[in-house]
There are 2 protein chains.
Amino acid sequence: MSQIQASEHVHAPSGPVRDEAGVAKYRHEAIAVVLQSCPTGECRVLCVQRTREPFVDKWSLPSGAMEVDESLEDAITRHLAAKVNLTSMSYAEQLGTRSDPARDPFDRTIATAYLVLIPWDQEWDLPVDASWLLVDELPPMAFDHQEIVELAVARLQAKLSYTNIGFALTPEEFRMSDLAQSYAAIMGHEVSATNLQRILARRGQLKATGKKAAPGAEGGRPAKLFSFAQRSLEITDQFATLRP
Amino acid sequence: MSQIQASEHVHAPSGPVRDEAGVAKYRHEAIAVVLQSCPTGECRVLCVQRTREPFVDKWSLPSGAMEVDESLEDAITRHLAAKVNLTSMSYAEQLGTRSDPARDPFDRTIATAYLVLIPWDQEWDLPVDASWLLVDELPPMAFDHQEIVELAVARLQAKLSYTNIGFALTPEEFRMSDLAQSYAAIMGHEVSATNLQRILARRGQLKATGKKAAPGAEGGRPAKLFSFAQRSLEITDQFATLRP
DNA sequence: TCAAAAGTGTTCTATCTACACCCATGA
DNA sequence: TCATGGGTGTAGATAGAACACTTTTGA
């Protein structure tokens, strides 16, 4: 899909809004950074092309308003199902809330961003306006969405180092070389499968399944299949300094 | 001040609220966890005793609603000045946003919490309803405020390890033994001034002032005075694992 | 000259990186 | 039997904890 410059705004900003009792009204939306990091070395983010001003035709992150009787977590789940057919995620965590009155040129909108991870083998039918974009080749995005993606990637990079968050990137069983490639796509540098295995094993993150993967067409020793010992987040490496 | 059990609620919960156009109305408030960690070994949090239901007489964190034309950061600054006379902080960072519809029994309130740090030598006049509470002896607090304090302390503990955030705890110049005590109060375990100095020095966080502190009444070698090389947050220790 | 507090030097250990070498498979 | 990819063993580097020892002050 082509990238088109946003045309001029056709609406005027609505400005601060209050009801008759003086209670402020806000639109509060939840924004998702859905990341998938594949053994092919691609780390990609799920985006939606806008059809309305502002930022018409620009890429944006899937998002939607929170209703009064639901939490932000409920809202993000609901909107991901409705807007990009995503009904299953292996991990979600809140990134932060943006409240700059100028972040949306038309409305007063507060936005809370979430990092959402899905396994690299998860595939489903995307709506026509949705598409995967490579994280390291992002075009200019609508609103502050580019910044939010960068924040998400930075958070994920950090958590790869000191938690078992890798479980959210992988299928149930995987080869170490695939995991290393997936990590490398996120970290932005080479990751040695050899050393990664030892690090994760010492921390008790890995479980050997006993199974082996079929070797490729050109031969090679068949890889062992591993799985993560636990599929919920835990801190596996307490910070190095200032330990008791 | 004595701790009194919250009496029974006198108002009914107001429930979901919408205006005539169907736009949801939310109260969005900013909550501050103001921490001060002293060389005496006390880590304390600034609290306000509630005068109204719900949770009347319970301790709570200073907070207040965000107006439509300000950001959350503006709101927290404004409310801290108005409610606890705090007009100067050395660091503030967003912790997270709570949106559970049941978190406030009366209103539909979304709350964004902030970690706020002030130097250990900063003193000022508190209003009568405000007081410092020790972080490791917290009484049951209003709403989910106790959880929020714990989150703030955990965040600060982590950042002490891999950033220069110590600058926000100290006066311009300080003795290493005082810094170690302040760190220890946050971390919850002994911190060796000897080793702390070497860690911070190798990371380039420390600047020697050349000055010396006066020794105590019972003698002892006078301590060198140090200051932090930079008084804004930077990551000084990249995560140990998965480096290039 | 002694106690108290601060600072330095040195050793030990844990953990990560690098790299050589061995293993299992298909052509 | 050779190329290909996977796995193991081991040496080196780094950083932090622990602790003994030295320095500088007041009484």
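Naming: A, B, ... by sequence-line order, numbering from 1 per chain. Bear in mind the structure is a predicted one, so any value in this text is a computation, not a measurement.
Judged by distance alone, the side chains of T112(B) and T97(B) do bring a donor and an acceptor atom under 3.5 Å apart. For the residue pair E172(B) and S227(B), no side-chain donor N or O sits within less than 3.5 Å of a side-chain acceptor on the partner. Using a 3.5 Å distance cut-off with no hydrogens or angles, the side chains of Y91(B) and E93(B) do pair a donor with an acceptor.
Judged by closest nucleotide on DNA chain C, D178(B) is the one of D178(B) and N195(B) placed further toward the 5' end.
The separation between L196(B) atom CG and dG7(C) atom P is 12 Å, rounded to whole Å. Distance H189(B) NE2 to dA17(D) C1': 12 Å, rounded to the nearest Å. Protein atom CG of L206(B) is 12 Å distant from nucleotide atom P of dT8(C), rounded to whole Å. Taking atom CE on M176(A) and atom C1' on dC23(C), their separation rounds to 18 Å, with Å as the unit. Atom CG in D237(A) sits roughly 11 Å away from atom C1' in dA14(C) (whole-Å rounding). Atom CG of L179(A) is separated from atom C1' of dG6(D) by 15 Å (rounded to the nearest Å). Here dG7(D) presents its C1' atom at 15 Å from CG of L200(A), a figure rounded to the nearest Å.
With distances taken from any side-chain atom of P222(B) to the nucleotides dT25(C), dT24(D), dG6(D), the minimum falls on dT24(D). Closest approach to the R221(A) side chain among dG5(D), dT23(D), dT8(D) is made by dG5(D) (side chain taken as heavy atoms from C-beta onward). Nearest nucleotide to the K212(A) side chain, out of dT4(D), dT25(C), dG6(D): dT25(C). Here the side chain of I199(A) is nearest to one of dT17(C), dG7(C), dG7(D), namely dT17(C).
Checking the phosphate oxygens (OP1, OP2) of dG6(D), a side-chain nitrogen or oxygen of S177(A) falls inside 4.0 Å. The phosphate of dG6(D) (OP1 or OP2) has no side-chain N or O of Q197(A) nearer than 4.0 angstrom. Taking only side-chain nitrogens and oxygens, K224(A) comes nearer than 4.0 Å to OP1 or OP2 of dT8(D). Regarding contacts with the backbone of dA6(C), a side-chain N or O of R175(B) is found under 4.0 angstrom from either OP1 or OP2.
When atom types are taken as modelled, the side chain of T236(B) and the backbone of R203(B) share no donor-acceptor pair closer than 3.5 angstrom. Judged purely by atom type and a 3.5 angstrom limit, S90(B) uses its side chain to pair as donor or acceptor with the backbone of L117(B).
A donor N or O paired with an acceptor N or O is found under 3.5 Å between the base of dG9(D) and the side-chain atoms of R198(A).
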